[in-house]
Amino acid sequence: MMKRIYILIVAILAGSAAAAQVPELKPEVFDLLDLDRPGLEQVKALRSEGKDAEAAAALLDYYKNRKGIRTPEIRDVKKVKINKEQQQWADDALNHTFFAHKGYQPSYNYGEDINWRYWPVEDNELRWQLHRHKWFAPMGRAYRVSGDEKYAIEWTKQYIDWIRKNPYVKISKAEYEITNDSQLKDDAENSRFAWRPLEVSHRLQDQPVQFQLFIDSPAFTAEFLTEFLVNYHRHAEHIISNYSKQGNHLLFEAQRMLYAGTFFPEFKKAETWRQSGVEVLNREINVQVYDDGGQYELCPHYHLAAINIFIKALEVADVNGFRNAFPQSYIDTIEKMIEFYTNISFPDYTNPCFSDAKLVTKKEMLNNYKDWSKLFPDNGLIRHMATEGAEGALPEYLSKGYLTSGFFVFRNSWDSDAIQMIVKAGPPAFWHNQPDNGTFELWYNGKNLFQDSGSYVYAGKGEVMEERNWFRRSSVHNTLTLGNKNFETTDSKTLLWQPEGEVQILVTENQSYKNLKHRRSIFFVDGSYFVIVDEAVGDAKGSVNLHYQMPRSGKTPIENTAEEMYFATTFKEGSNFKLECFGPEGMTKKKEEGWQSPAYKKKYKRMNVSYNVRKEAGEPVRYITVIALKEDGGNNPKLSAKFLNKTFEESRLKLQVKCGKDKRTLEYNL
Ligand code: MG
């Protein structure tokens, strides 16, 4: 008897799972559409006669024959291509193995009866991004390329399955605490992932692409169309009332509202959506981009993303005939943002891994520059980057400062053999920013010698959060901490920026802790070596730590001895440094665990070092670091340095430095 009941339950469950995937005619769709639009006459007539099924069929006919509305991704459905990766995602998806996140490969299987709440690793990104349905458009491409209906059939099933199993449920915290309804709780919890506005906006952008790719399939029935449109409408309305407050999320959402309003002008709300997107973008480009062209999250990755969001909106406007919704100042700001990005990139097109930035590839960036060059054909620098130097022109300046955003670039050339240091010392920023004021990356002769630790993961539970916190710590940057603790404040002030001449200087100051101010003075001497002066001033007592992150060196040793205060790389490839720190009596040197993460969930071991001094209350602690650059791994130059002003002074600094044969006095007066 028990066994029979069990079988019966299984049968019901299996039956309901299958039924869940069958699209139903949604008559409410007719109320959402403006049936007075040209082309919808028949839909309107049938609807008014109460013939909903026929009206839906007429609507499908209308969409199949609709012309002139396009997304930039699919200019012509007959010329769709698919790459190997997309084909893989499409094929995996047939078995419910879903590509949710690059950092979690191979992809997880979500079960025969799809469990959209499966969370194999409690990283928020993994669960959020599942709801971006990144495999849907590739299934559409696979369908177009092969003509195989299996992709279309499976896509419609998964599309409906997702709707049925991911209701939007919002309850208050108090309600959540007291309710005994576990289904309600589970739905509310799930909605935080499935209905996060960023994910909703992702689907909003992607679904018009899927729509174009699948609409000719017999699996795309009139019933399905009504489900699709009602669901799509709900998505756009969800964004309108749940826009993120700020940052790149808001930009993504706005740009995608523009998509929604443009791609489905038949909705009564379409014009509202489109206007909302335009309005937010026109407003936010002024809020989120500083006057120097830096995006205010102070993260190269999101700076780049913001450029492409603004451009994508412009493209959609362009292909659909309303480019004049964006004023010239909008376009000028994008150009400034690109120049900013080019300046803070290295000669091999890679970027600093500051904040939550991942390492971009040259291929990716060449594609970006080629696109950007079409938009800005007269910009010599963009053209130069797009053509790898074959055309265009380099700017007349070398070093360049972005004082509002707090990014400073020292360079002696734009070529691969350049010496280039990028310093980050900016104002307070947001979630993707890290407490790293004063840190830098340094490129020399084809190699990045001081790479930022990166970010590794975003957020989640337990171990995931611990990993994130390791990578964002102040102490794993090239800067100064008190007791290895994170900065309490990240608000650097630029006291001096002198980007020209034989000795170029940056003086920047951050009140890193309530009772400890960090002043960092960087001298770029004769276009060949750096002198960094760190002064820790205030009442704080305790250990002051000056950190430097060594490059990944594999089996090649980084030369150092127990007694001496230097580290020197011994690479053969023509890019090496000797770094030596000169501090007060009693300074100790420590080798620590280090990691560098170029991409999500990817990391490489390396060595970090710190120079540590016990600070007594009131007494400033001062260090001088000299970084000499050289091609070979031997023949280290002799370095020395000493202060000529005996203690910290607010308005001046004077020191004497020797780097090999070069001996000189460095100073400034504020
Ligand atoms: Mg960092």
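Quantities reported herein were computed from a predicted structural model and do not represent experimental measurements. Order of listing sets the numbers, starting from 1, for every ligand and every atom in it.
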- [ ] Please check if atom NZ in Lys572 has more than 12 non-hydrogen atoms from other residues, nucleotides or ligands closer than 6.0 Å.
- [x] no
Task: Lys102 atom NZ, neighbour heavy-atom count above 12 within 6.0 Å - done: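 At most 12 heavy atoms, drawn from other residues, nucleotides or ligands, come within 6.0 Å of this atom.
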Open item on the list: Tell me whether the Mg ion (ligand 1) has Ser355 as a neighbour, meaning an N, O or S atom of it below 2.8 Å.
Closed with: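 False for Ser355.
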- [ ] Could you tell me whether any N, O or S atom belonging to Asp452 is less than 2.8 Å from the Mg ion (ligand 1)?
- [x]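 Under 2.8 Å: Asp452 contacts the Mg ion (ligand 1) through an N, O or S atom.
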Task: Value rounded to 0.5 Å, distance of CG in Leu126 from NE2 in His101 - done: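 So the gap between those two atoms works out to 7.5 Å.
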TODO: To the nearest 10 degrees, could you say what angle the Mg ion (ligand 1) makes with NE2 of His477 and OE1 of Gln434?
DONE: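 Value returned, to the nearest 10°, is 90°.
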- [ ] Assess the side chains of Trp128 and Asp123: does a donor N or O sit below 3.5 Å from an acceptor N or O?
- [x]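 Per modelled atom types, Trp128 and Asp123 side chains form no pair under 3.5 Å.
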